[in-house]
Amino acid sequence: MMPQFYGLLLIFLGLIHTASCSSSNKTEEVSSSHHQSKDSLINDSIPTKTIDTSLSKKETPPRLEDFSTFTRTKIEQNLNKKISQNIPLVVHVFVPLCDNEHQGIVPTTASLGNGFSLRSNLYWATSTGMKRYFKEKKTWTLLQSTKNIYHDSTVLERVVFKRTYPNKAVVYLVADAYRGDKMLATLNDFFRAMSNNYTSTIALPDHTISIHGGADLVVFNGHNGLLDFPEGTPTTFYNTTNSQKDMVAIACFANEYFETEARQAQAYPIVRAKSTLHPGAFIISAIIDDWAMLKSVEQMRLSAGKAYCDVHDCSIRTSKNLFYKGWRTEN
């Protein structure tokens, strides 16, 4: 059941800011009502001519029952193989910028909650924001920063980082900053990537990498937008390929959400937040570090909790209860 209200205190530069999830039905502006078909709600930021629309043409579309939960064995084998063959791993992070006006949150300050500001947004520009956090980490190298990725400026900026781990794993981290009023677009793009329904490439000085469906790990980091929309929204995407990938959802009550979508996408849910929290980049960093070193899902869960409590000064006991690992039946 969707909670009516819940609060979250965010600590930044010694001050307390409120930016928690709320059940208020604030939705981004779309051209028509939510009663229109799901196909009409597909995000316009990705060129429609490259979207796989084969599912919509089938007389009998797939059902959730056709997509069961699964073990992570196949994914682990693929990651091992890539590392042994010096093939880079790719992480694609989808970040809906914190937005006081257009998201169902308890508002933070005007600057931190400005969903159009790359310079001040809580989830992008602060010491715990995605771009600044990884830019200040000496172990990561910023390779590229590009503004206004698509024609409609849904993604205000894309940054690409690179790191090599002790086990020789080379990881490219791609993070997209979505406008705060484009939550539906963010969710649609995230689920489309999880289900391998869209893949694109980025040409870098040293390598060309595949993102979206071509990534090995896709991450949603920000307000849980699924709280803001009616049932059946966003668009349903099914994975009809033989490829599986990992996914992470760091958003309030993500353990109660994102599982159905993960099943449909055949993406393994490594870590999901259990209740209210500050979706800081330090959580993603801790998970990626374990993921790249091929550690267990349980270790990734524990590392995420420890990283959170290192920043927010909570106990070890609390840290062990902040996140889910895998499917609900595995907890």
Side-chain angles (χ1 to χ4, degrees), residues 62 64-94 163 165-174 190-197 199 209-221 237-251 254-274 283-308 319-331:
L64 178 61
E65 292 76 13
D66 299 329
F67 297 86
S68 61
T69 59
F70 56 92
T71 67
R72 191 169 171 260
T73 303
K74 182 178 177 181
I75 295 173
E76 291 175 313
Q77 291 173 345
N78 183 53
L79 294 176
N80 265 295
K81 182 178 179 180
K82 283 191 170 184
I83 293 173
S84 66
Q85 296 181 353
N86 298 316
I87 299 174
L89 306 181
V90 177
V91 180
H92 193 164
V93 185
F94 297 77
R163 178 177 177 180
Y165 283 84
N167 65 342
K168 306 303 182 183
V170 176
V171 177
Y172 287 92
L173 170 63
V174 179
F190 177 63
F191 295 144
R192 184 184 285 113
M194 275 206 307
S195 59
N196 298 328
N197 271 277
T199 298
I209 60 174
S210 294
I211 58 172
H212 291 282
D216 301 287
L217 167 63
V218 292
V219 179
F220 182 90
N221 190 78
F237 291 99
Y238 294 93
N239 186 349
T240 58
T241 73
N242 293 321
S243 178
Q244 298 173 340
K245 60 168 55 64
D246 286 319
M247 69 82 82
V248 166
I250 306 303
N255 65 311
E256 297 181 14
Y257 297 83
F258 293 92
E259 181 146 333
T260 296
E261 291 79 9
R263 278 181 59 186
Q264 293 163 168
Q266 289 294 279
Y268 187 87
I270 293 177
V271 177
R272 287 177 290 162
K274 290 176 66 175
I283 303 172
I284 306 303
S285 177
I287 294 171
I288 293 175
D289 286 351
D290 284 352
W291 176 81
M293 293 296 293
L294 303 177
K295 294 185 179 181
S296 68
V297 173
E298 171 66 2
Q299 184 57 56
M300 295 182 217
R301 181 185 75 84
L302 293 175
S303 293
K306 182 179 184 303
Y308 189 87
S319 74
K320 293 180 178 179
N321 290 287
L322 291 173
F323 298 96
Y324 252 49
K325 63 176 180 182
W327 307 107
R328 294 184 65 85
T329 55
E330 298 178 59
N331 292 270

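Annotation: side chain of Leu79 is in contact with side chain of Trp291 (closest heavy-atom distance under 4.5 Å). Using a 4.5 Å heavy-atom threshold, the side chains of Val93 and Val174 count as separate. Using a 4.5 Å heavy-atom cutoff, the side chains of Gln244 and Phe70 are in contact. A heavy-atom distance below 4.5 Å is not found between the side chains of Val271 and Lys325. Side-chain contact between Asn86 and Val170 is absent, with no heavy atoms from C-beta onward closer than 4.5 Å. Taking the side chain as every heavy atom from C-beta outward, Pro269 and Phe258 never approach each other to under 4.5 Å. The closest side-chain heavy-atom distance from Val297 to Tyr268 is below 4.5 Å. Counting heavy atoms from C-beta outward, Ile211 and Thr199 have side chains that stay 4.5 Å or more apart.
Checking Tyr165 against Asp289 by side-chain atom types alone, a donor-acceptor pair falls below 3.5 Å. In the model, Gln299 has a side-chain atom that pairs as donor or acceptor with a side-chain atom of Ser303 under 3.5 Å.
For Asn221 (side chain) and Ala251 (main-chain N/O), no donor-acceptor pair under 3.5 Å exists by modelled atom type. A side-chain donor-acceptor contact under 3.5 Å links Asn80 to the backbone of Glu76. Side chain of Asn197 to backbone of Phe237: no donor-acceptor contact under 3.5 angstrom is found. Using modelled atom types, no side-chain atom of Lys245 and backbone atom of Ile75 make a donor-acceptor pair closer than 3.5 Å. Without hydrogens or angle criteria, Asp216 side chain to Val91 main chain gives no donor-acceptor distance under 3.5 Å. A side-chain donor-acceptor contact under 3.5 Å links Asn239 to the backbone of Ala265. A donor-acceptor pair under 3.5 Å is formed between the side chain of Gln266 and the backbone N or O of Ser68.
Between the CD1 atom of Ile270 and the CD1 atom of Ile287 there is a distance of 7.5 Å, given to the nearest 0.5 Å. Interatomic distance, CG of Asn321 versus CG of Asn331, reported as 10.5 Å (0.5 Å rounding). A distance of 13.0 Å separates CZ of Phe67 from CD of Glu261, quoted to the nearest 0.5 Å. In this structure, CG in Leu89 is found 12.5 Å from CZ in Arg163, a value given to the nearest 0.5 Å. Distance check, rounded to the nearest 0.5 Å: CG of Asn78 to CD1 of Ile83 gives 10.0 Å. Rounded to the nearest 0.5 angstrom, Leu64 CG and Thr260 OG1 are separated by 5.5 Å.
Counting heavy atoms of neighbouring residues, nucleotides and ligands inside a 6.0 Å radius, atom NZ of Lys82 exceeds 12 of them. The 12-atom threshold is exceeded at NZ of Lys74, counting heavy atoms of other residues, nucleotides or ligands nearer than 6.0 Å.
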(Q) Val219 vs Met247, test: side chain to side chain contact (heavy atoms under 4.5 Å, CB included). Steps then yes/no. (A) CA-CA 6 Å; Val219 179; Met247 69 82 82; over 6 Å; no
Q: Test side chain to side chain contact (heavy atoms under 4.5 Å, CB included) on Phe323 and Leu302 and set out the steps.
A: CA-CA 8 Å; Phe323 298 96; Leu302 293 175; over 6 Å; no
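The side chain to side chain donor-acceptor pair (under 3.5 Å) test applied to Arg263 returns no partner, not counting sequence neighbours. When the ring pair (Phe, Tyr, Trp, His ring centres under 6.0 Å) test is applied to Phe94, the partners found at least two apart in sequence or on another chain are His92, Phe190, His212.
Looking at every heavy atom in both residues, Ala249 comes nearest to Ala254 through O-CB, 3.4 Å. For Lys274 against Asn255, the heavy-atom pair with the smallest separation is O-OD1, 2.9 Å. Across all their heavy atoms, Trp327 and Ala267 have their closest contact at CH2-O, 3.6 Å. Taking every heavy atom of both residues into account, Ser210 and Val90 meet most closely at O-CG1, 3.5 Å.
Between Arg272 and Glu256 no salt bridge is recorded (no basic side-chain N to carboxylate O distance below 4.0 Å).
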